[in-house]
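As structure tokens, the structure follows; a few thoughts come after it.
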Amino acid sequence: MKHVLLTVVFLGIACVAMAHELLSPNGNLKLNVVLDSEGGPVYSLYYKGEPVVEPSALGILMEEADLSNGFRILDATNSTFDETWMPVWGEYEKVRNHYNELTVTLSQPAKHDRMMIVRFRLFDDGLGFRYELPEQKTMNYLTVKDELTEFNLTGNHTLYCIPGDYDTNEFAYTTAAISEVREAMERNLRKKGYEAKATSFTVQTPLMIKTTEGLYINIHEAALVDYSAMLLNVDDKEFNFSAHLTPDKLGKKGYLQLPLHTPWRTIMVSDDARSILASQLILNLNEPCKLEDTSWIKPQKFIGVWWEMFTGGGGTWAYSDYYKAKPGITDYSKLTPNGHHPANTEHVKEYIDFAAENGIDAVLVEGWNEGWENGGGYLKERVFSFTKAYPDFDVEGLHRYASSKGVKIIMHHETYSTASDYERQLHDAFHFMVDNGYDAVKTGYVGRLIPRSEYHDSQWMVNHYLYVVKTAADYKIMVNSHEAVRPTGVYRTYPNWIAQESARGTEFESFNDGIRPDHTTILPFTRLMGGPMDYTPGIFEGDLSTYGSNKRKRSSTLVKQLALYVTIYSPIQMAADLIENYKRYPEPFQFIKDVAVDWDKTDILEAEPGDYITIARKAKGKNEWFVGAITDENARTATIPFDFLPDGKKYIATIYEDGKDADWEKNPQSYHIFKAVVTNKSVLKQKLARSGGAAISIVEATGEEGLRGLKKIK
Ligand code: NOJ
Ligand code: CA
């Protein structure tokens with residue numbers, strides 16, 4: 001470590017402080033840490049010699065203690081770490097965790113030597129740092145007023161972002177220069193008639209940034225545990241960002257007790273957008289798996305009694321038309337069925353049959369349980385029961401039926417954000433699941449919270465989501481949470497947290513303010529940085545007016561829906577459309593049947609946020625590969641080199657491409673499927689329609705026989 005000498009005036013006493021420097025293992029990133037003239041810790045970050053983050057403040061303001069200045073550096077130590085570990089499931093069979101660490105121990109001499117450690121980990125693809133407060137005599141309980149961490153950027157860069165909000169992240173993305181972003185974001189919000197909840201000018205993380213020099217930066221956090229989620233305040237004149245922690249409704253941003261550490265703040269940097277998508281930094285900053293037995297955690301595909309509640313065809317979660325009309329129902333046996341309640345035994349059996357016939361692992365059923373008539377958490381009474389089924393849903397019979405066909409049913413717990421009531425019912429709910437053969441639950445937190453003193457992203461709720469996941473693990477239950485706080489890699493520690501929604505997903509294809517063609521080219525750079533997304537792709541019928549009142553058109557071609565199974569990573573993937581649409585399109589459905597959900601290796605072939613993504617992945621433990629390529633509203637030609645395949649062999653690629661005349665607006669259903677011979681020298685120039693895509697499945701050729709008559713890709 002180089003030492004740069006700086007003169008610092010500290011509490012009136014001139015003293016000499018050292019700037020501490022740290023290099024990433026390959027030397028591309030350099031971190032600099034120093035105390036300013038007030039004794040406040042300041043860091044800066046350089047990439048290949050150029051500044052990426054200019055001197056930026058560190059510190060936390062507690063109600064009981066100001067931990068942002070008056071420090072001196074007691075100690076600064078360097079170390080190196082290099083380890084390869086194997087995730088329970090993931091995009092890679094092995095993950096290398098290689099960083100250089102700088103631990104800076106600070107103390108406040110004027111405040112009884114109060115102590116704070118800032119730990120920095122510098123990887124080849126970015127920086128993580130966190131605050132640690134070891135046990136000490138002069139501090140114990142703390143209330144967070146503000147975290148003061150800054151990210152001072154170097155210019156008027158382009159942001160790919162959603163507005164700050166304490167309750168939701170289901171926004172359309174805005175792409176704009178920092179100086180323009182406020183107006184552009186407000187324009188997007190007004191279109192939706194939606195008012196963001198955070199009053200100051202904030203954006204959410206993961207925040208994707210492209211600098212005026214063409215560097216890619218991503219700011220997020222890792223291991224968000226027992227702390228509130230971080231938004232970023234935006235200074236659009238100085239291009240400075242700073243932490244904005246989600247408060248509770250008393251305005252408190254966290255209740256802490258020593259010893260403690262905060263989540264990691266993360267800054268990824270690269271001159272190649274592909275490295276941002278390939279980065280494992282956030283996972284590496286999370287704790288290793290804490291579950292001893294993980295054999296019951298299974299990546300899987302599922303279909304669901306679901307989309308028919310969105311298509312406009314009349315399906316309801318509720319059993320009766322009491323829905324919204326007469327809140328306060330207590331005796332569900334007296335309800336009159338409305339005749340369009342898809343979560344009924346016969347219909348669920350059709351889904352189970354279809355799953356069994358097509359090798360789909362599971363069927364999600366929404367609207368199976370009592371409570372939907374009460375209109376949800378907008379009302380004051382307790383709403384859902386997680387152990388009582390509607391009269392037309394035969395829990396035991398369906399358990400027997402599904403087991404006989406080798407299919408699982410996925411439980412649905414929509415809470416309407418009645419989080420405390422959910423906690424009260426949790427053990428009963430999980431017992432009920434185990435008794436009836438369920439091993440996965442989709443949870444939901446639609447609406448504003450009950451208890452009303454919290455937000456979706458405040459500390460109490462962050463703890464709630466994890467409490468549900470940990471409790472679920474005791475029952476060997478996988479959790480796929482919707483409307484929960486956006487992920488920060490905690491699934492490394494609790495891999496039964498199999499996916500989350502936490503962003504605008506496919507359901508918005510049915511809403512007026514829908515999905516834009518570029519949305520899925522931004523999600524992997526933003527929301528997915530923290531973990532897998534239950535995006536629920538696979539909508540084959542592109543025109544919702546087919547079903548009735550709703551006039552929305554899907555935002556992509558049919559083939560792009562296939563490509564999303566590869567470009568949007570998740571170990572649990574839904575085939576979201578109605579089974580009747582899969583029956584209408586058996587040829588493209590073959591790709592969904594074939595595509596893997598767990599991977600040995602991932603190669604990001606092409607990527608540009610907001611424009612396009614092409615990814616190749618190798619199925620876990622199998623000689624099968626899948627490629628997905630997607631584009632935004634512009635048609636383009638993807639370049640797909642097959643050098644991710646082992647050398648010296650021939651392979652058969654089944655290529656699902658947009659038809660010649662395909663176009664997401666004018667001709668979204670047009671597709672073409674063909675087989676071709678490829679080797680690891682082949683390079684395919686693949687045309688993608690406007691908001692189109694391509695999906696490829698690849699197997700080893702078993703002999704020359706099967707190759708006859710097939711096109712060869714050079
Ligand atoms: C919102 C979820 O994202 C969606 O998938 C679910 O069907 C509804 N809430 C109802 O729970
Ligand atoms: Ca949702």
Side-chain angles (χ1 to χ4, degrees), residues 162 165 167-172 192 194 204 302-319 323-324 341-343 348 351 362-378 383-386 390 393 409-419 421-422 429 440-450 456-457 461 465 468 479-487 498-515 519-520 523 527-528 532-539 544 550 568 570 572-578:
I162 54 174
D165 190 295
D167 277 309
T168 182
N169 23 46
E170 297 188 2
F171 293 102
K192 195 187 167 200
Y194 191 97
Q204 302 202 31
F302 67 104
I303 52 175
V305 173
W306 182 73
W307 191 230
E308 48 210 290
M309 281 81 114
F310 292 86
T311 54
T316 59
W317 284 272
Y319 168 72
Y323 188 60
K324 285 182 183 158
H341 174 237
V348 173
Y351 270 72
V363 176
L364 164 75
V365 184
E366 296 201 3
W368 68 278
N369 61 324
E370 288 183 358
W372 294 87
E373 279 80 0
N374 275 334
Y378 304 104
V383 279
F384 292 105
S385 162
F386 301 112
Y390 281 130
F393 183 85
I409 308 181
I410 298 180
M411 175 52 74
H412 185 225
H413 290 166
E414 174 55 67
T415 68
Y416 271 152
S417 295
T418 55
D421 185 49
Y422 187 38
V441 62
K442 169 176 168 179
T443 59
Y445 297 88
V446 167
R448 301 297 164 197
L449 278 192
I450 301 173
H456 277 72
D457 296 350
M461 280 305 287
Y465 307 123
V468 170
V479 180
N480 168 12
S481 36
H482 279 227
E483 296 90 29
V485 68
R486 74 279 183 291
I498 195 106
Q500 292 189 234
E501 180 191 42
S502 305
R504 177 168 295 206
T506 294
E507 60 182 347
F508 275 81
E509 295 279 13
S510 74
F511 304 158
N512 281 335
D513 175 52
I515 304 269
H519 187 66
T520 48
L523 278 178
R527 158 66 184 77
L528 274 108
M533 175 168 179
D534 185 29
Y535 182 74
T536 71
I539 300 300
L544 266 61
N550 203 319
I568 296 192
S570 177
I572 179 159
Q573 288 278 22
M574 187 176 197
D577 209 337
L578 313 177

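Ligands are counted one by one from 1 in listed order, and the atoms in each one are counted from 1 as well.
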With 3.0 Å as the threshold, which protein atoms of type N, O or S lie near the Ca ion (ligand 2)? Leave waters out.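 Hits for the Ca ion (ligand 2) below 3.0 Å: Glu170 OE2, Glu483 OE2, Glu501 OE1, Glu501 OE2, Glu507 OE2.
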Nearest heavy atoms of Gln500 and Ala484, plus distance in Å: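 Looking at all heavy atoms of both residues, the shortest contact is NE2-CB, 3.7 Å.
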On a heavy-atom basis, which atom in Met461 and which in Ala419 lie closest, and how many Å separate them?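 Distance-wise, the nearest heavy atoms are SD-CB, 3.6 Å.
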Measure up the Trp372 and Trp317 rings against each other and bin them: parallel (under 30°), tilted (30 to 60°), perpendicular (over 60°).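 Aromatic pair Trp372/Trp317 classed parallel.
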Aromatic plane relationship, Trp307 with Phe310 - under 30° parallel, 30 to 60° tilted, over 60° perpendicular: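 The arrangement is parallel - the two ring planes meet at less than 30°.
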Give the residues near ligand 1 by chain and number, with the criterion being a heavy-atom distance under 4.0 Å.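 Under the 4.0 Å cut-off, ligand 1 touches Trp306, Phe310, Trp317, Glu366, Trp372, His412, Glu414, Lys442, Val446, His482, Glu483, Glu501, Glu507.
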Please examine the side chains of Glu308 and Leu578, heavy atoms only from C-beta on, and report whether any two atoms are closer than 4.5 Å.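 In contact.
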Do Ile568 and Arg527 have side chains that get closer than 4.5 Å, going by heavy atoms?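 Heavy-atom side-chain distance check fails, nothing below 4.5 Å.
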Only counting residues at least two apart or in another chain, list the ones meeting side chain to side chain contact (heavy atoms under 4.5 Å, CB included) with Ala429.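 Applying side chain to side chain contact (heavy atoms under 4.5 Å, CB included) to Ala429 gives Phe386, His413.
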Quick one: list whatever passes side chain to side chain contact (heavy atoms under 4.5 Å, CB included) with Asp457, sequence neighbours left out.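 Only Ala229, Thr246, Val485 meet the side chain to side chain contact (heavy atoms under 4.5 Å, CB included) criterion with Asp457.
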salt_bridge(Glu501, Lys442) N-O dist < 4.0 Å: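 No, Glu501 and Lys442 are not salt-bridged.
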